[in-house]
Amino acid sequence: MGVARAPDWVLNGEPEPPVLWAVVHLDEADLEIAQLWHDAAEAALGPLIRPAGAPRFRRHHGGRHGMRVRRRSWADMMHPSLESAYAIWGYGDERPHGPVEDVRLGASRNYGSYLKLDLSTRLLEPSVMPALADAVIGVVRQIGDRIDPGYGEVAGRVRLGPSTDLDHALRRDDEDSLRDSHRHLRGYGWVTVCPAAVAAALGGAAAMRAGGAFTEVVELATGGLLLRATRTTFDYDDAAVRRVFEALRPVLPPGLPRQPRYETLPYLVLEDAVTADPAPPAG
């Protein structure tokens, strides 16, 4: 068996490349939407893995318990015995041929009926970030135009599991957060996707555009909103985080968020959205 080749950025002693991660949480495990997530991601991100003239990239599909998942029926993950699927697209141990190292795609059930769709990609050429950001947001938008999401986010860091950063900081129960998602927004980030009921409570697209916190406000076909704070994650600084928090404060859950002991959550305002009480200094 051959020895796996380390990525070029590791071999050259360079910092880890930036990551772009997207997640959409749905209230039901819809097979067609799960397949759309796969196909839309491949169409949008495939050209960034494989530029014109480059060899075909490798595809590895699988699921929980080692079950294989066919590419063209990736929604087989909805089978009760599987419940999750993943795909990894890239060149494996070979040197990447494009500005993106690989794309990792996932879909999984949570608490029976809920569906989490996520993708992450590692960018090797930072100059391509605007194009990558547009591509990833386009994938998320296709889902939001087809089905009203419980929550969605695009960020420059990966979060595992069904919880959001805000859930973690508030110590909210995952299932309670999922169930409450059409009343309270589960979190916020560089790109935030609000369900229709939350969008209405905010005053809709016109109110969000007038507030000035977002560079892009998209009204989804299902009634929700896709809110983009800055052009790319590179521009998403503390001031931008504050603007997003203030704009979304009316629909955020009550409670005082705190930094966890063993994890840093850099893109949260540590204040109660309802009372505006700040968290005490860490000690």
Side-chain angles (χ1 to χ4, degrees), residues 21-30 33 37 110-111 113-118 136-155 159 161-230 236 240-257 265 267-269 271-276:
W21 172 75
V23 65
V24 180
H25 293 274
L26 305 178
D27 299 328
E28 56 183 301
D30 187 304
I33 298 299
W37 182 248
N110 291 293
Y111 302 102
S113 62
Y114 298 99
L115 181 66
K116 174 191 173 187
L117 304 170
D118 66 282
V136 171
I137 290 172
V139 175
V140 172
R141 182 175 179 176
Q142 287 191 57
I143 301 300
D145 279 338
R146 284 280 300 276
I147 190 170
D148 188 27
Y151 177 68
E153 184 179 341
V154 185
R159 176 148 204 91
S163 68
T164 67
D165 279 358
L166 184 58
D167 286 337
H168 198 39
L170 290 174
R171 296 170 175 81
R172 292 184 83 199
D173 178 79
D174 293 344
E175 192 169 8
D176 289 345
S177 177
L178 288 164
R179 288 175 176 168
D180 193 42
S181 63
H182 295 268
R183 186 166 69 102
H184 286 125
L185 191 60
R186 299 187 62 212
Y188 54 93
W190 170 63
V191 170
T192 306
V193 180
C194 307
V198 170
L202 286 168
M208 290 297 96
R209 292 190 183 107
F214 305 101
T215 62
E216 184 178 12
V217 175
V218 176
E219 189 168 9
L220 300 171
T222 52
L225 292 174
L226 186 151
L227 307 170
R228 182 178 186 165
T230 59
Y236 191 50
V241 174
R242 166 61 71 172
R243 290 193 296 270
V244 171
F245 171 77
E246 294 295 343
L248 299 178
R249 179 196 291 269
V251 294
L252 292 173
L256 185 61
L265 305 175
Y267 301 111
L268 292 177
V269 174
E271 295 177 10
D272 189 320
V274 175
T275 68

Original post:
Are any non-hydrogen side-chain atoms of L166 and P253 less than 4.5 angstrom apart?
Top reply: yes
Original post:
What pair of heavy atoms forms the shortest contact from A247 to F214, and how long is it?
Top reply: CB-CE1, 3.9 Å
**OP:** Determine, stepwise, if the pair V140 / V191 fulfils side-chain contact (heavy atoms from CB on, under 4.5 Å).
**Re:** CA-CA 10 Å; V140 172; V191 170; 5.8 Å; no
**OP:** Would you please name every residue forming a salt bridge (charged side-chain N to carboxylate O under 4.0 Å, His left out) with D174, sequence neighbours left out?
**Re:** none
Original post:
By salt bridge (charged side-chain N to carboxylate O under 4.0 Å, His left out), which residues pair with E246, not counting sequence neighbours?
Top reply: R242, R249
Original post:
OG of S177 to CZ of R186: how many Å apart, nearest 0.5 Å?
Top reply: 3.5 Å
**OP:** Looking only at non-hydrogen atoms, find the nearest pair between V154 and A22 and report the distance.
**Re:** CG2-CB, 4.0 Å
Subject >> With sequence neighbours excluded, residues passing salt bridge (charged side-chain N to carboxylate O under 4.0 Å, His left out) with D165 >> reply: R157, R159
Subject >> Test side chain to side chain contact (heavy atoms under 4.5 Å, CB included) applied to A240 - qualifying residues, sequence neighbours left out >> reply: T230, Y236, D237, R243
**OP:** Would you list the pairs meeting side chain to side chain donor-acceptor pair (under 3.5 Å) in which at least one residue belongs to residues 204-227, sequence neighbours left out?
**Re:** E216-R228
Original post:
side chain to side chain donor-acceptor pair (under 3.5 Å) with R179: which residues, sequence neighbours excluded?
Top reply: E175
**OP:** Mind running side-chain contact (heavy atoms from CB on, under 4.5 Å) on V244 and Y267 for me, showing each step along the way?
**Re:** CA-CA 10 Å; V244 171; Y267 301 111; over 6 Å; no
Original post:
side chain to side chain contact (heavy atoms under 4.5 Å, CB included) with A199: which residues, sequence neighbours excluded?
Top reply: L225
Subject >> Sole residue of L220, I33, L115 in side chain to side chain contact (heavy atoms under 4.5 Å, CB included) with I147 >> reply: I33
**OP:** Please name all residues satisfying side chain to side chain contact (heavy atoms under 4.5 Å, CB included) with T192, sequence neighbours left out, ordered by chain then number.
**Re:** Y151, L185, Y188, C194, L248
Original post:
Is there a donor-acceptor contact under 3.5 Å from the side chain of K116 to the main chain of V23?
Top reply: no
Original post:
What closest approach, in Å, do S181 and P195 show between heavy atoms, and which atom pair accounts for it?
Top reply: O-CG, 3.5 Å
Subject >> salt bridge (charged side-chain N to carboxylate O under 4.0 Å, His left out) partners for R172, two or more places apart >> reply: D167, D180
Original post:
For Y114, what residues pass the ring pair (Phe, Tyr, Trp, His ring centres under 6.0 Å) criterion, not counting sequence neighbours?
Top reply: none
Original post:
Where do A196 and D148 come nearest, in terms of heavy atoms and distance?
Top reply: N-OD1, 2.9 Å
**OP:** For residues D272 and P254, report the shortest heavy-atom separation together with the two atoms involved.
**Re:** OD1-CA, 4.0 Å
Original post:
Which one of V193, D118, L178 satisfies the side chain to side chain contact (heavy atoms under 4.5 Å, CB included) criterion with H25?
Top reply: L178
Original post:
Between H182 and D27, is a side chain to side chain donor-acceptor pair (under 3.5 Å) present by the stated rule, with each step listed?
Top reply: CA-CA 10 Å; H182 295 268; D27 299 328; 2.5 Å; yes
Original post:
Got a donor-acceptor contact below 3.5 angstrom from the D145 side chain to the A221 backbone?
Top reply: yes
Original post:
Closest heavy-atom contact between P149 and L26?
Top reply: CA-CD2, 3.9 Å
Subject >> Atom pair OG1 (T164) and CG (L268), whose distance is rounded to the nearest 0.5 Å >> reply: 8.0 Å
